[in-house]
Amino acid sequence: MLTAQSLACLRGDRLLFKNVGFELNAGGLLYVLGENGSGKSSLLRMLCGLLMPEDGAVFWGGKKIKEDAENFLSNLTYIGHLNGLKDDLTAQENLYMGARLAGSEVSEESALAALAAIGIARCANLPVRVLSQGQKRRVALARLWLTDSKLWVLDEPFAALDAASVDVLASRLSQHMSNGGMTIITTHQDVTINAQSSQILRLSS
Amino acid sequence: MLTAQSLACLRGDRLLFKNVGFELNAGGLLYVLGENGSGKSSLLRMLCGLLMPEDGAVFWGGKKIKEDAENFLSNLTYIGHLNGLKDDLTAQENLYMGARLAGSEVSEESALAALAAIGIARCANLPVRVLSQGQKRRVALARLWLTDSKLWVLDEPFAALDAASVDVLASRLSQHMSNGGMTIITTHQDVTINAQSSQILRLSS
Amino acid sequence: MQWESWSAFFNMGGYAFYVWFSFGLTALCMVWEVIALRKRRAEALRLTQLLAQD
Amino acid sequence: MLAFRRRSDVATTLFFFLIVSSLFPLGIGPEPAVLSSIAPGVLWVAALLAGMLSLTRLFAADFADGSLEQMLLAPQPLALLVLAKIFAHWLICGLPVVLLAPIIGLQYALPNDALLVLVFALLLGTPALSLIGAIGAALTLGVRGSGLLVALLVLPLYIPVLIFGAGAVAASQHGMSSQAHLSLLAACSLLALVLAPMATAAALRISVE
Amino acid sequence: MLAFRRRSDVATTLFFFLIVSSLFPLGIGPEPAVLSSIAPGVLWVAALLAGMLSLTRLFAADFADGSLEQMLLAPQPLALLVLAKIFAHWLICGLPVVLLAPIIGLQYALPNDALLVLVFALLLGTPALSLIGAIGAALTLGVRGSGLLVALLVLPLYIPVLIFGAGAVAASQHGMSSQAHLSLLAACSLLALVLAPMATAAALRISVE
Amino acid sequence: MNINWFKYSSPQTFYPLAGKMIPWFAWLAAILAVAGLYIGFAIAPTDFQQGEAYRIIFVHVPAAWMSMVIYIVMAGWAAIGLALNARLSAMMAQALAPTGAIFTLIALVTGSLWGKPMWGTWWVWDARLTSELILLFLYLGFIALQSSIDDPRRADRAGALLALVGVVNVPIIYFSVKWWNTLHQGSSINMGAAPKMAATMLLGMLIMALAFWMYTVAVALMRVRCIMLERERTSDWVKELSVQGIAGVKS
Ligand code: HEM
Ligand SMILES: Nc1ncnc2c1ncn2[C@@H]1O[C@H](COP(=O)(O)OP(=O)(O)OP(=O)(O)O)[C@@H](O)[C@H]1O
Ligand SMILES: Nc1ncnc2c1ncn2[C@@H]1O[C@H](COP(=O)(O)OP(=O)(O)OP(=O)(O)O)[C@@H](O)[C@H]1O
Ligand SMILES: [Mg+2]
Ligand SMILES: [Mg+2]
C-alpha cells in the first residue's frame with residue numbers, strides 16, 4: 001500500500017541518502033536502522049510528507065501522497081522524537097484534545113482506557129509538566145490505543161521506556177500488524193515485534 | 001566520598017521514596033534502576049542539590065553539600081534528560097562555552113578533540129539545531145571528555161545513542177572509574193561498565 | 001553652459017554641501033556595493049578551491 | 001482549542017494595554033486637550049503592541065513540543081485549523097482590548113461618540129491584526145532572535161490598520177463622519193481573513209521542514 | 001557569555017525601536033508641535049518594549065534546554081552569572097537603543113538640548129529596565145499563570161523609571177533643569193543593580209526545583 | 001523554446017551566461033550615468049525657485065523609482081521560485097534585496113538633504129517620505145528573515161512568502177499613508193507643488209533612472225553568482241570551475 005520510489009534527502013549541503021525505495025503491504029513491518037545522523041528521522045518525516053524529498057516520491061495506494069493528502073493523512077499516525085504534549089494540560093486532556101485535533105471522535109473514557117493500557121492511569125489527572133521522561137513518552141504513545149489508522153510511523157518509540165512498557169508496546173504493535181496494519185519504526189534497541197512480514201532498511205552515512 | 005542518608009522525596013502529594021541511603025567511594029559505580037516514574041531522576045537531582053530532600057541529607061567528603069557548595073559543585077558533572085545545548089550555537093561553541101561556564105579552562109582544540117572522541121567531529125561546526133537526536137545527545141556527553149571532576153551524575157546517558165556510541169561511552173566511564181572517579185547512572189538498557197565496585201539501587205513505586 | 005567658472009560649479013549656488021553630499025553618498029554606496037561583491041566572490045572562490053582540493 | 005490558552009494570558013494583554021496607554025498621561029502631563037488629541041493614536045498603537053506581544057508565541061510552543069507536526073498531519077485542511085487558532089487568539093487578546101478601550105478612552109477625555117467609534121473601530125480592526133500577525137509568527141518559527149524579528153516583519157504590515165483605525169476616531173473627534181475609515185478598516189480585515197490563513201498555513205509547512 | 005548573542009540581534013533591536021517609534025506619528029498625525037510634545041513618552045515606551053520583548057525570554061530558553069540547570073551547578077556564585085547575563089542583554093538591547101535615540105528624536109522635531117538629555121536619561125535608565133526585567137523573567141519560569149505574576153511584579157517597578165526618564169526630557173523641553181529627574185533615575189538603577197541579581201538568582205533556584 | 005528555458009534556469013548554465021552579461025550592463029550603466037550627469041549639471045537650467053539645490057533630483061528620484069521597481073521585480077522572482085520550485089528564481093530574489101534596500105536608503109537620505117535647505121527640516125511625516133520609510137522596513141524584514149534561517153531552501157521559501165505578502169500590502173500601505181496625510185492638514189509643505197519640470201530635467205532624470213536600472217542588473221547578476229558559488233559549493237560543476245582555477249576567477 002505504501003510505496004517509496006528512489007527517495008533522496010539533502011540536508012544542508014550533505015546528501016544523506018539517495019535511491020531509497022521500498023514497498024510496504026498490509027501487515028508489514030519496516031525497521032529503519034542506522035547510526036545517529038544517518039537520516040532515519042529525516043526519512044520518516046519524508047514518508048509522512050513533512051519534508052520534501054529532493055528526488056523521488058511516496059505513494060499511498062498508488063497515488064502520490066501530496067495529491068491525495070486527506071485520504072493519506074487520515075490513515076496515518078506519526079509519533080516523532082518530540083512528544084507533542086502540552087505541558088500545562090493533564091495527560092488525559094492531552095490525549096483527548098490530540099485525538100480531536102486528528103479528527104477522530106474520542107470520548108474521555110476511552111482516553112483514560114488508553115492511558116491504563118500503557119500503565120499510567122494513575123497519572124491521568126496530573127499536568128504533563130510534572131511527569132517523568134518515560135511517563136511523558138507513554139502519554140504520547142497512548143495515542144496508539146485510540147487510533148484506527150492503517151499506517152503507523154514511529155520514531156524511536158522505545159527510548160526512555162522501562163522494560164515492562166517496552167513489552168506492552170511491542171505487543172500492541174504485533175496486534176496492529178495482525179489486524180492488517182502497517183508500521184514503520186526506528187530504534188537503537190533490540191526489541192522483537194511479531195509481524196506477518198518484516199523488512200529491514202539500513203541507512204549508512 | 002559521597003554519602004546519602006535516609007533521603008525521602010515527596011512529589012506533589014506522593015512519597016516517591018524514603019529512607020534511601022548509600023555510600024559511594026572512589027572508583028565506585030552506582031546504578032539507579034526502577035520503572036518510569038519511580039523517582040530516579042528526582043533522586044539524581046537531589047544528589048546534585050537541585051532538589052531539596054524532604055528528609056535526610058547528602059554529604060560530600062563528610063560535609064553537607066549545601067554547606068560546602070563551591071567545593072562540591074566544582075567536583076560535579078551532571079547531565080540530565082535535557083541536553084543543555086543552545087540550538088543556535090555550533091557543537092564546538094556549545095562545548096567550549098559550557099566548559100567555560102562551569103569554570104574550567106578549556107581550549108577550542110580540546111573541545112574539538114572531545115567531539116572527535118565521541119565520533120562527531122564532522123558536526124563540530126554545524127549549529128546544534130540541525131543535528132539529529134543522537135548527535136545532540138553526543139554533543140552533551142562530549143563534556144565528559146573535557147571535565148576532570150570526580151563525581152559524574154548521568155541521567156539515562158545511553159538514550160538515543162546508537163550501538164557504537166554506547167560502547168564508546170561505556171569505555172569512557174570505565175576509564176573514569178579506574179582513575180578513581182565516581183559515577184551515578186540511570187538507564188533502562190543493558191550496558192556493561194567495568195568498575196572497581198559497583199552497586200545497584202532499585203527504586204520501586 | 002550653465003557655469004561661469006569651476007568654483008561656481010563646485011559652489012552650487014550655495015548648496016554645495018547638500019548637492020555634493022547627495023551625489024557623493026550615492027556614488028559611495030554604489031562603489032562600496034561593487035567592491036563588497038568582488039570581495040565576497042573572491043572569498044567564495046577561495047573556499048570552493050579549498051574544498052575541491054580535499 | 002480554546003483550552004490551549006489560559007486566563008492569565010488575557011490578564012497579561014490587558015495589563016500591557018493598560019500600562020502602555022496610561023504611561024502617556026504620566027509622561028506628557030494632564031492637559032485634557034493634548035491628551036484627547038493624541039488618544040486615538042496612542043490607544044491604537046497600544047492595542048497593536050499588546051496583540052503583537054502575545055502573537056510571537058502563537059505557534060512557538062506548538063513547534064517546540066511537536067504538536068505542530070501533529071497539526072500538519074491532521075486530515076483537516078491546515079488553513080482551517082490555523083483560522084481556528086487565530087480566532088482563539090483574537091478572543092483572548094483582541095476582544096479584551098476592545099472591551100477595555102472605552103475605559104481608557106475616558107481617562108484620555110475622549111467624548112462619548114468618539115468612544116463609540118473607538119470601540120467599533122477596534123472591533124473591526126483587531127481581527128486583521130491577529131490574522132496578519134499569524135503569518136509573521138509562522139514565518140519566524142525556529143529562527144534565532146525571533147521575538148523581535150516578528151515585530152520587524154509584522155509591524156510595517158500593520159500600518160494601514162493603524163492609520164484607518166486611528167483615523168476613524170480622529171475624524172469623529174473633529175466632528176466628521178468616520179464612515180469611510182471604518183469601511184476601509186473592515187475591508188482590510190476581510191482581505192486578511194481571506195489571505196492570511198492560507199499564507200500562514202504555507203509558512204508553517206515551510207518552517208516545519 | 002557575550003558570544004551567546006549575535007550581531008543580528010542588535011540590528012533587530014534597532015529596527016524594532018525604529019519601527020515602534022514611527023508608528024506613533026502614523027497614529028497621531030504629522031504635526032511637529034504635537035509630535036515633539038509626546039516624543040519623550042513615545043521614545044521611552046519604545047525603549048521599554050524593545051527591552052521587554054527580548055527580556056521575557058531571557059531565561060526561558062535556558063530553562064527549556066537544560067542549560068539553566070548547568071548554570072545552577074556551576075561553582076561560581078549564581079548572582080554573578082546572572083549579572084553577566086543581564087549585562088550582556090543590556091549591551092545588546094539597551095545600548096543600541098541609547099545610541100539610536102537621537103536620530104529618532106530628530107524625526108520628532110526635538111530640540112538639541114532635549115536630545116542630549118534624552119540620551120543621558122536612557123543611558124541611566126535602561127540598565128534598571130534590564131535588571132528589573134530579569135527578576136520577572138526568572139519568576140515566570142515554569143510557574144503556572146506566570147504572565148499575570150510578571151505583569152504585576154515588573155510593570156509597577158518600571159513605572160518610576162519611565163516617569164523619571166520621560167520627565168527629564170520633558171523638563172528640558174520646557175526649559176527647566178532635568179537634574180533632579182536624572183539623579184532619581186540613577187538612584188533607581190543603582191538600587192536595581194544591588195538587589196536584582198540576588199533576587200533573580202533566588203527566583204531561578206525556586207523555578208528549577 | 002521550452003527546453004531552452006529550462007536549460008538556462010539551472011545555475012550551472014546560468015553562471016557563465018551571467019558572467020558574460022555583467023560587463024555589458026556595467027558599461028551601459030556607466031555610459032548612461034555620464035550622459036545623465038552631463039545633462040543634469042551642464043544642460044539643465046537653474047531652477048528659479050530652488051536654485052541649484054534641485055539638482056539633487058537627478059539622484060533622488062531615480063533612486064526612489066528604482067527602490068519601488070526592485071521590490072516588485074523581487075516579489076515576481078520570489079513568486080516564480082515558490083510556484084515552480086526553481087532555485088534560480090529564489091536566488092535572483094535574494095540577490096535583488098540588498099540593492100533595493102540601498103536605493104531606498106539613498107532616496108531617504110538624499111530626500112532629507114533636499115528637505116533641509118528647502119523646508120528647513122530634515123524630516124516631515126509626509127505621505128511619500130513615510131511610505132518610502134515603510135518600504136525600507138519591508139526590505140529589511142526580508143533580508144533579516146532570510147539571513148536568520150540557516151537552511152537555504154527554507155530561507156528561500158520563507159523569504160518568497162514574505163515578499164509576496166509584502167507586495168499585496170505595498171499598494172494598501174501606499175494609499176493608506178497618502179490618505180492619512182491628506183486628512184490631517186498638518187504640514188504646509190506639499191511635494192506635488194514642485195514646479196513643472198522642464199523637458200531637460202525630465203530627460204536627465206529618465207536617463208539617470210535607466211543608468212541605475214542597468215547598474216541594478218549588473219550588481220544583481222554579480223551577487224547571484226556569489227550566491228550560487230556559496231550554495232552549490234559541493235556540487236560538481238562548482239568544483240570543476242574551481243579546478244579550472246584562473247578561468248573561474250575571470251569569467
Ligand atoms: C526623505 C525624504 C524623501 C523621500 C523618501 C522621497 C521620496 C520620493 C519618491 C518615492 C519619489 C518618486 C515618487 C513618484 O514619482 O511617484 C519622489 C519624487 C520627488 N521628490 Fe522626493 N522624497 C523625499 C524628499 C524630497 C524633498 C525634500 C523634495 C524637495 C522638495 C522632494 C522632491 C521630489 C520631487 C520634485 C519629486 C518628483 C515628483 C514627481 O515625479 O512627480 N523629495 N520622492
Ligand atoms: N508536582 C507533582 N505532583 C505529583 N506528582 C509529581 C509531581 N512532580 C513529580 N511527580 C511524580 O514524580 C515522579 C517523577 O519521577 P522521576 O522523573 O524522578 O522518574 P524517573 O524514575 O526518572 O522516570 P523515567 O524513567 O521515566 O525518567 C513521577 O511519577 C511524577 O508523576
Ligand atoms: N541544515 C543542515 N545542514 C547540515 N546538516 C544537516 C542539516 N539538517 C540536518 N542535517 C544533518 O542531517 C542528519 C539528520 O539526521 P536525522 O535526524 O534524520 O538522523 P537520525 O538517523 O534520525 O539520527 P538519530 O538516530 O540520532 O535520531 C544529521 O546528520 C544532521 O547533521
Ligand atoms: Mg532520529
Ligand atoms: Mg528520569
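All chains are named by letter (A, B, ...) in the order of the sequence lines, taking the proteins before the strands, and each is independently numbered beginning at 1. Note that this is a predicted model, so its numbers are computed, not measured.
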Report summary line: Turns out that what part of F:L37 lies under 4.5 Å from chain C's heavy atoms comes down to side chain
Query - Pairs involving residues 201-223 of chain F, ordered by first then second residue, that meet salt bridge (charged side-chain N to carboxylate O under 4.0 Å, His left out) (sequence neighbours left out) - result: C:E33-F:R223
Report summary line: In this structure, CD of F:E230 is separated from CD of C:E43 (nearest 0.5 Å) by 8.5 Å
Query raised in the report: CZ of C:R41 to CZ of F:R225: how many Å apart, nearest 0.5 Å?
Result: 4.0 Å
**Report entry** Note, C:T26 side chain near F:F212 side chain (heavy atom, < 4.5 Å)
**Finding:** yes
Query raised in the report: Can you tell me how far CD1 of F:I56 sits from CZ of C:F21, rounded to the nearest 0.5 angstrom?
Result: 10.5 Å
Query raised in the report: Can you tell me if C:Y18 uses its side chain to pair, donor with acceptor, with the backbone of F:P117 under 3.5 Å?
Result: no
Requested in this report: For C:L37 and F:C226, work out which heavy atoms get closest and say how close.
Outcome: O-SG, 3.7 Å
Query - Side chains of F:I227 and C:R40 in contact at under 4.5 Å (non-hydrogen atoms) - result: yes
Report summary line: By side-chain contact (heavy atoms from CB on, under 4.5 Å), F:I70 pairs with (sequence neighbours left out) F:M66, F:L96, F:T99, F:F103, F:Y139, F:T216
